[in-house]
*Asks:* 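Let me give you the structure first, and then I'll get to my questions.
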Amino acid sequence: MNVELQAPELEQPELDLALVQEVRMRALSGQRPWPLLLQDELGLAPPALVDMLARLSGIPAIATAELYAGAVDFGLLGYVECVRRCCALLRTEAGGIRLVLADPFSQDSVAWARASLHAPYEVRLAHPDDINAALSAAEQAVRATERTFADDDGLGDAADGDAELLSLEAIAGDSSPVVKLVSSILYDALKQRASDIHLKSSPTGMAVKFRLDGVLVGVSDIVGVEVAQRLISRIKVMSSLDIAERRIPQDGRFRVRTRGGNVDFRVSIMPSIHGEDAVLRLLDRSTLTGNHESMLRLTDLSLDPDALATLRRLVAQPYGMILVTGPTGSGKTTTLYAAIQEINHGHESIITIEDPVEYQLPGVLQIPVNEKKGLTFARGLRSILRHDPDKIMVGEVRDEETAQISVQAALTGHLVLTTVHANNAFDVVGRLLHMGVDAYSLASALVGVWAQRLLRVNCPECARPYQPDAETMAISGLSEDDIAGRDLRAGTGCPHCRGTGYKGRRVVAEYLVMNDALRDLVASRAPVTAMRTEARSAKGPTLRAAALDLFFSGQTTLAEVNRVTFAE
C-alpha cells in the first residue's frame, strides 16, 4: 500500500496541496501520525477526517456501527501490537479478514500486517477513537486480575490487597505505560495459548517471543533500553522479587485470575550482557482439557489406542515403580497428573512431592520442595512414607538418595510414579544404576518405563498433499518405496495457524513393560543393546517409529519428525 500523493487526485476545493504536502513530510519524519496532523491543522470532526483520509488514500472507510459490531480477533496480530499501532482485525460473516487502520499512510504498520497475516484481507479506515473503543468493547469478555503469591512455596491463595484490572480499559487509561504493556503481553499469551513468554533484552530494547506448540515465535519488539528495564522491574514486582538485584538469577511466581479459573505464571529472571532476560511459564490447565472445570484424564493426551491401553495398564498396578522420561517441555508432568487423576477414586491416599507444584489436584496431598528450608525430595519422601500413602508421585529423581528411597517405597507395597531425565526408555535404567541403585532391587521394583515427545501436527485448515525433498528423505533414512501410496500432507500456512502450518501437538511414546526376561537383563546389568533386542521381540514401539506413523498417516511432516526424533 505505497501511496503517493499526486496533485490531480486532490480535487476537493477545501484541500490545500501545499498543506497536505507539508503534513506528508511531517508524518514521514515521525512527528505525528497522519490523522492527528490533519486533525490539528484543519480542525476536522472525526467523520470528516476519516472521509478525507479515504479520499487521499483510496481506501474506503468502515461504518462505525459495522466496526463496533464486528468480531475483533486478537489471535492473529496480537493485542499488544493492535493497541500500539491503533488497528483492529475483524472477522467477516463470510469468514474473511478485514484490517481496520487509523493511519493508511503508515508504511511500517502496513508492512507489519502483511508479514503477520498469511491470507488475503481487505483494508478499511476508521477514526483512532473508534478503533480504540472497538478494541475495548471486544476485550470486555476477558477480564483478569493480577495476584502475587504471598507464600514462599507458591501454594495457597494470593495475598490480600487491591486487585489490578487486566483489561484494555486499564491499558488505554491513565495507569503506567509499563503496567499496561506487561498486562497486554500477558493477555496476548493467554489468548494464543502460549506455554512460555520470552522477554529477551537487546542493545536497543527487548524482543517479545511466545512459545507456541513448542516453538518460539516472535511477537513484537519493544524499543528503548529504559522501557525494557522497567518492564523487567514490573515483572519482578508482580513476582515478589528484588528489583534492585540485577546481577544474579531470580525465580518467582504470580497468578492471574480469569473468568474460567486461575492461571499461574512461573518466572525466571536471568542477567545478560544487555540487561536482564525473563521467561514466564504459563501453567494453564485449560490448554490441556479445553476448559478449567473438567479434570485432566489420560484420554486428553491424544495417545494412540495401543499406547493409551499400555499406560492405563501400568498405572493400574497396585505397587511398583513407573518411570516417565523425556526432555524438558515434553509433557512428563502432564502425563503424571493425568495418570493420578485416572487412579484417584478417593479410596486410597495419594501424596505427591514436586518442584514446583504446577497444578492443584483435588483430593491429593501435594508437597512443594523447599530447599531453602531443608525440604528436599529425599527428606520429603522419607516423611511421606510415614504418612500412610498408597500411591506416591515424585516430581523428579535427581540424586542417589531420592532414587534409593523411591525404589524401597516401590518394594514395600507402594505405587511410585516419577520422572527421570534421559533420552529414551532404555537409558533410564542405566541412569538409575549409575546413581547407585542396586540392580536386583531396581529389577524387582520396576513395573515399566514410559518415554515421550510432543510433535506438532498439521493445521487442519491449510494442510495439503506434499512430497518431501530428496535431501530430507536421505537424512531420514527413507526411500521412495517407504512413502509410495501414502497420503502425505503438510500445512502451507494460514491465519488459523499463524502461518506456521502446524496447529496443536500429539504425544508420541515408547514404553518398556517389564517381563521376566527384561528383569533378568536389568539385574545382570546387561548392555542397552540387549534390552533393545528383547523389547523389539515383544513388539514394543520406538519413539522414531511412533513419530513416523504420524507422518505416514498425513498428520505431521517429515521435518517435524526429524526435529523431535533422530534416525537410528
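In this text, all values refer to a predicted model and were calculated from it rather than measured experimentally.
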*Asks:* Output, in order, the C-alpha distance, side-chain angles, deciding distance and verdict of side chain to side chain contact (heavy atoms under 4.5 Å, CB included) for Asp251 and Ile269.
*Replies:* CA-CA 6 Å; Asp251 298 319; Ile269 307 292; over 6 Å; no
*Asks:* Which pair of heavy atoms, one from Leu543 and one from Val508, lies closest together, and at what distance?
*Replies:* CD2-O, 3.6 Å
*Asks:* Run Thr310 and Val513 through side chain to side chain contact (heavy atoms under 4.5 Å, CB included) and show every step you take.
*Replies:* CA-CA 8 Å; Thr310 300; Val513 180; 3.7 Å; yes
*Asks:* So, Lys391 and Glu348, do they make that salt bridge, N to O below 4.0 Å?
*Replies:* yes
*Asks:* Report the distance from atom CG of Leu411 to atom OH of Tyr440, rounding to the nearest 0.5 Å.
*Replies:* 9.5 Å
*Asks:* Passes side chain to side chain contact (heavy atoms under 4.5 Å, CB included), Ile392 versus Leu381? Steps please.
*Replies:* CA-CA 9 Å; Ile392 303 169; Leu381 191 51; 3.9 Å; yes
*Asks:* Where the side chain of Asp188 meets the backbone of Ile185, is there a donor-acceptor pair that is under 3.5 Å apart?
*Replies:* no
*Asks:* What closest approach, in Å, do Ser239 and Val267 show between heavy atoms, and which atom pair accounts for it?
*Replies:* OG-CG2, 3.3 Å
*Asks:* So, do Val449 and Tyr511 sit near enough that their side-chain heavy atoms are less than 4.5 Å apart?
*Replies:* no
*Asks:* About how many Å separate OH of Tyr337 and CG of Asn344, when rounded to the nearest 0.5 Å?
*Replies:* 13.0 Å
*Asks:* Taking everything shown except Arg211 itself, do over 12 heavy atoms lie less than 6.0 Å from its CZ?
*Replies:* yes
*Asks:* Find out whether Leu442 and Asp438 are in side-chain contact, i.e. whether some heavy atom of one side chain is under 4.5 Å from a heavy atom of the other.
*Replies:* no
*Asks:* Quick one: does Val369's side chain get under 4.5 Å of Glu354's, heavy atoms only?
*Replies:* no
*Asks:* Are Leu558 and Ser476 side-chain neighbours, meaning at least one heavy-atom pair lies under 4.5 Å?
*Replies:* yes
*Asks:* Relative to each other, are the rings of Phe254 and Phe265 parallel, tilted or perpendicular (30° and 60° limits)?
*Replies:* parallel
*Asks:* Looking only at heavy atoms, which two atoms of Asp355 and Arg398 are closest? And how far apart?
*Replies:* OD2-NH2, 3.1 Å
*Asks:* Under 3.5 Å, is there a donor-acceptor pair between the Thr556 and Tyr502 side chains?
*Replies:* no
*Asks:* Is it true that a side-chain atom of Arg253 and a backbone atom of Arg266 form a donor plus acceptor pair closer than 3.5 Å?
*Replies:* no
*Asks:* Do Glu396 and Thr418 have a side chain donor and acceptor closer than 3.5 Å?
*Replies:* no
*Asks:* Determine whether a donor-acceptor pair (N or O, by modelled atom type, separation under 3.5 Å) exists between the side chain of Asn458 and the backbone of Gly554.
*Replies:* yes
*Asks:* Backbone N or O of Ala409 within a donor-acceptor pair of the Thr412 side chain at under 3.5 Å?
*Replies:* yes
*Asks:* Please check if the number of heavy atoms outside Ile243 that lie under 6.0 Å from its CD1 is greater than 12.
*Replies:* no
*Asks:* Would you sort out whether Leu454 and Val564 count as a side chain to side chain contact (heavy atoms under 4.5 Å, CB included), showing the intermediate values?
*Replies:* CA-CA 8 Å; Leu454 291 174; Val564 178; over 6 Å; no
*Asks:* Side chains of Leu323 and Trp450: does their closest heavy-atom pair fall under 4.5 Å?
*Replies:* no
*Asks:* State whether Asp264 and Arg281 are salt-bridged, where the test is any N-O pair (Lys NZ or Arg NE/NH1/NH2 against Asp/Glu carboxylate O) under 4.0 Å.
*Replies:* no
*Asks:* Could you state the interatomic distance from SG (Cys497) to CG (Asp213), rounded to the nearest 0.5 Å?
*Replies:* 9.5 Å
*Asks:* Which atom names give the shortest non-hydrogen contact between Val315 and Ile343, and what distance separates them?
*Replies:* O-CG2, 3.5 Å
*Asks:* Quick one: do Asp242 and Lys236 make a salt bridge, cutoff under 4.0 Å?
*Replies:* no
*Asks:* Can a donor-acceptor pair be found, under 3.5 Å and without considering hydrogens, that links the side chain of Ser349 to the backbone of Asp390?
*Replies:* no
*Asks:* Give, for atom CG of Leu199 and atom CG of Asp277, the distance between the pair rounded to the nearest 0.5 Å.
*Replies:* 8.0 Å
*Asks:* Looking only at atom types and distance, does a side-chain atom of Arg431 sit under 3.5 Å from a main-chain N or O of His421, one as donor and one as acceptor?
*Replies:* yes
*Asks:* Give a yes or no on whether the backbone of Glu245 and the side-chain of Gln250 come within a donor-acceptor separation of less than 3.5 Å.
*Replies:* yes
*Asks:* Can you check side chain to side chain donor-acceptor pair (under 3.5 Å) on Thr492 and Arg464, steps first, answer last?
*Replies:* CA-CA 7 Å; Thr492 57; Arg464 301 290 184 271; 5.3 Å; no
*Asks:* For the backbone of Arg505 and the side chain of Arg456, can you confirm whether one donor and one acceptor N or O come within less than 3.5 Å of each other?
*Replies:* no
*Asks:* Hey, does the side chain of Thr419 reach the backbone of Lys332 with a donor-acceptor pair shorter than 3.5 angstrom?
*Replies:* no
*Asks:* To the nearest 0.5 angstrom, please state how far the NE2 atom of His274 sits from the CE atom of Met206.
*Replies:* 11.5 Å
*Asks:* Decide if atom CZ of Phe552 counts as having more than 12 heavy atoms of other residues, nucleotides or ligands within a radius under 6.0 Å.
*Replies:* yes
*Asks:* Say you draw a straight line from OG of Ser302 to CZ of Arg506; how long is it, rounded to the nearest 0.5 Å?
*Replies:* 5.0 Å
*Asks:* Provide the closest heavy-atom pair for Cys494 versus Cys459 in the form atom of the first, atom of the second, distance.
*Replies:* SG-SG, 3.7 Å
*Asks:* Can you check salt bridge (charged side-chain N to carboxylate O under 4.0 Å, His left out) on Arg312 and Glu342, steps first, answer last?
*Replies:* CA-CA 8 Å; Arg312 277 181 163 162; Glu342 193 86 4; 2.8 Å; yes
*Asks:* Verify side chain to side chain donor-acceptor pair (under 3.5 Å) between Gln452 and Thr335, making sure each step is shown before the conclusion.
*Replies:* CA-CA 9 Å; Gln452 69 178 48; Thr335 297; 2.8 Å; yes
*Asks:* Could you tell me whether a side-chain N or O of Thr352 sits under 3.5 Å from a main-chain N or O of Met393, the two making a donor and an acceptor?
*Replies:* no
*Asks:* Would Glu510 and Arg453 pass as an ion pair if we require N to O under 4.0 Å?
*Replies:* no
*Asks:* Closest heavy-atom contact between Thr557 and Ala490?
*Replies:* CG2-CB, 3.5 Å
*Asks:* Using a 4.5 Å cut-off on heavy atoms from C-beta on, say whether the side chain of Met435 contacts that of Gln404.
*Replies:* no
*Asks:* Hey, are the side chains of Gln555 and Asp549 touching, using non-hydrogen atoms and a 4.5 Å cut-off?
*Replies:* no
*Asks:* Going by heavy atoms in the side chains, are Met321 and Ser406 under 4.5 Å from each other?
*Replies:* yes
